[in-house]
2 protein chains.
Amino acid sequence: MKNRLRVLRAERAWSQQDLAERLGVSRQSVNAIETGRYDPSLPLAFRIADVFGLKIEDVFANPSREDAQ
Amino acid sequence: MKNRLRVLRAERAWSQQDLAERLGVSRQSVNAIETGRYDPSLPLAFRIADVFGLKIEDVFANPSREDAQ
DNA sequence: GCGCGATGTCAAGCGTGCGTTACATTTCGT
DNA sequence: ACGAAATGTAACGCACGCTTGACATCGCGC
């Protein structure tokens with residue numbers, strides 16, 4: 001599933017480590033999600049949207065509508 | 001994580017089996033999510049929001065804000 | 001009373017989300 | 001040139017999302 005983590009993180013000048021600490025997960029988890037190696041759990045997706053002040057739909061692309069929009 | 005699956009399903013008069021088929025998962029998965037035994041994956045959460053024509057935030061309660069609203 | 005749809009739950013198995021540890025590479029300040 | 005920060009990736013272990021198959025209960029029409 002595509003996501004805008006890298007861009008959102010860059011806008012705030014946060015390292016993967018910074019973001020990981022704000023989320024309460026490991027740096028490797030942030031990296032894996034960012035590089036698309038796996039999708040976050042739903043609770044983690046909520047926390048991610050939270051730290052950026054966005055909705056989940058604004059951070060992650062709906063996989064069933066990847067070509068839309 | 002709390003969710004409004006049971007209510008949304010009742011509004012449409014769908015059985016758990018009906019919803020499961022629309023989502024492409026087993027009836028047991030729908031039941032487990034509905035009864036709160038576990039949270040759906042993020043891709044499945046997107047599909048669930050889709051079949052109800054809602055946003056993820058309108059179906060699932062943000063666990064870090066459960067008392068809010 | 002009987003059968004049937006709907007629901008709840010269990011067990012076993014598989015793939016994956018996330019942790020820890022570790023190592024390599026790149027980039028940057030001094 | 002050197003050290004440190006940032007990033008990418010790998011191996012291993014554990015917990016969980018989801019499957020199939022099965023069984024029990026409940027409410028309903030007949």
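Protein chains get the first letters and strands the later ones, always in sequence-line order, with residue 1 at the start of each. On a predicted model such as this, the values are computed, not experimentally measured, just so you know.
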How many Å lie between [atom1] on [X] and [atom2] on [N], as a whole number?
X	N	atom1	atom2	answer
B:Q17	D:dT19	CD	P	11 Å
A:L5	D:dG8	CG	C1'	16 Å
B:E34	C:dA6	CD	C1'	11 Å
B:Q28	C:dG13	CD	P	17 Å
A:N31	C:dA22	CG	P	19 Å
A:L19	D:dG8	CG	C1'	16 Å
A:L44	D:dG17	CG	P	13 Å
B:D39	D:dA15	CG	C1'	13 Å

Practice problem: Locate the shortest heavy-atom distance separating B:D18 from B:A13; write the atom from each residue and the value. | Solution: OD2-O, 4.4 Å
Self-check item: Closest heavy-atom pair and its distance - A:M1, A:A61
Solution: CG-O, 3.2 Å
Look at [X] and [N] and indicate whether a side-chain polar atom (N or O) is within less than 4.0 Å of OP1 or OP2.
X	N	value
A:R9	D:dT7	yes
A:S41	D:dG17	no
A:Q16	D:dA5	no
A:R47	C:dC18	no

Exercise. May I ask you to say what A:S29 touches in the nucleic acid, namely base, sugar-phosphate or nothing, with a heavy-atom cut-off under 4.0 Å?
Key: sugar-phosphate
Quiz item: Which part of the nucleic acid, if any, lies within reach of B:S26 when heavy atoms closer than 4.0 Å are counted: base, sugar-phosphate only, or nothing?
Solution: base
Quiz item: Which listed nucleotide (C:dG19, D:dC18, C:dT7) is nearest to the side chain of B:I33?
Solution: D:dC18
Self-check item: Nearest to side-chain heavy atoms of B:T35, which nucleotide of D:dG17, D:dT9, C:dT9
Solution: C:dT9
Quiz item: Under 3.5 Å, side chain of A:R4 to main-chain N/O of A:D58, donor-acceptor pair present?
Solution: yes
Practice problem: Assign each of B:S15 and A:P40 to its nearest nucleotide of DNA chain C by heavy atoms, then name whichever residue's nucleotide is nearer the 5' end. | Solution: B:S15
Quiz item: So does B:R6 pair up with B:E34, basic N to acidic O under 4.0 Å?
Solution: yes
Self-check item: Side chains of A:D39 and A:I33 in contact at under 4.5 Å (non-hydrogen atoms)
Solution: no
Quiz item: If each of B:Y38 and A:A32 is mapped to the nucleotide of DNA chain D with the nearest heavy atom, which maps nearer the 5' terminus, i.e. the 5' end?
Solution: A:A32
Quiz prompt | Base of C:dG8 paired with side chain of B:R37 (donor-acceptor, under 3.5 Å) | solution = no
Quiz item: Is a donor-acceptor pair below 3.5 Å formed from side chain A:R27 to base C:dG19, judging by atom type as modelled?
Solution: no
